[in-house]
Amino acid sequence: MEVKALNLTGHETVLEIGSGDGRMTKLIAERAKRVVAIEKDEVLMAAAKAISWPNVEWILGDALRVDFPEANVVFSNVPYYISSPLILKLIMWGKFERAVLSLQKEFAYRLISHPGTKEYGRITVIFQLLANARPLFDIPPWAFDPKPKVWSTVIEVVPRPGLKPEEIRQLEKFTALIFSQKNRLLPKSLCKLGLCDSRGQAISIIEDIDMAKKRVRELTPTEVLLLSSKFSKHLS
């Protein structure tokens, strides 16, 4: 089902992140023009390469460290323990048309959650400013070998261009600060973090009385981006 979700026509270059023993690589290679498969385990890659596909290029390395090649489509059964850094790297890179990713269900719904919900947080804000996503289907634990303890969700991700690298770096710093105080009212949080001297100064910089009445976890991604710009000179 995951390969079908790629909707391949035979003309695409597919980047597979974490190719494992190559069982999914083979299915993708049968449907794509070219596949670039990244895997950091030498033994698994050797097993996959033993079954040769002429349109597959192999990269041995850690996906968090290697440079991604340009691709039309990205596919990955994302290891749960690197979900956050890999997702952030992928969407900040953004040189693809769409991605189909299998993620831990709880994490997938954090990415697409709404302001004010318990799932909503820093990574939600950054993700939604850089990409659009929709859930496709859930996968039970017994569909994998070895079997995880939790359900997975497959999502489709489409990059949203627009933010400059310096804006993204600023946003990373700002969200790391304010979401450490996510349950506080915004002006109080900003003062507590040393980004302003008083509630009055905070409201003056915010310039929106309705926004100033919100708690951090209630801010929309667009509002967080606006605040990141307004408070940029207050960050070291």
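Here the structure is a predicted model, which means the values were calculated and not measured. Computed over heavy atoms, backbone and side chain alike; hydrogens, waters and symmetry mates excluded.
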field: Six-ring centre of F68, K95 cation under 6.0 angstrom, axis tolerance 45°
entry: no
Distance-only donor-acceptor hits, side chain of residues 57-67, under 3.5 Å, sequence neighbours excluded:
from: E57; atom 1: OE1; to: R34; atom 2: NH2; distance (Å): 2.7
from: D62; atom 1: OD1; to: L64; atom 2: N; distance (Å): 2.9

query: Above 12 or not: heavy atoms from other molecules or residues under 6.0 Å from CD of E166?
result: yes
- prompt: Above 12 or not: heavy atoms from other molecules or residues under 6.0 Å from CD of E106?
  reply: no
field: Side-chain H-bond candidate by donor/acceptor type, T25 with E16, under 3.5 Å
entry: yes
Separation of T175 OG1 from I126 CD1 (nearest 0.5 Å): 3.5 Å
task: Report the residue from E97, K33, H11 that forms a side-chain hydrogen bond (donor to acceptor under 3.5 Å, both in side chains) with N72.
output: E97
- prompt: Is I155 reachable from I82 through a run of I, L, V, M, F, W or Y residues, each pair having side-chain heavy atoms under 4.5 Å apart?
  reply: yes
task: Look at atom NZ of K49 and say whether more than 12 heavy atoms of other residues, nucleotides or ligands are closer to it than 6.0 Å.
output: no
- prompt: Would E12 and T9 count as having a side-chain donor-acceptor pair, cut-off 3.5 Å?
  reply: yes
field: Geometric class of the F174/F231 ring pair [parallel <30°, tilted 30-60°, perpendicular >60°]
entry: parallel
- prompt: How would you list, by chain and number, every residue that makes a ring-ring contact (aromatic ring centres under 6.0 Å, His included) with F96, sequence neighbours excluded?
  reply: W93
message: I need the full list of side chain to side chain donor-acceptor pair (under 3.5 Å) pairs touching residues 187-211, with sequence neighbours left out, sorted by first then second residue.
response: E207-K230
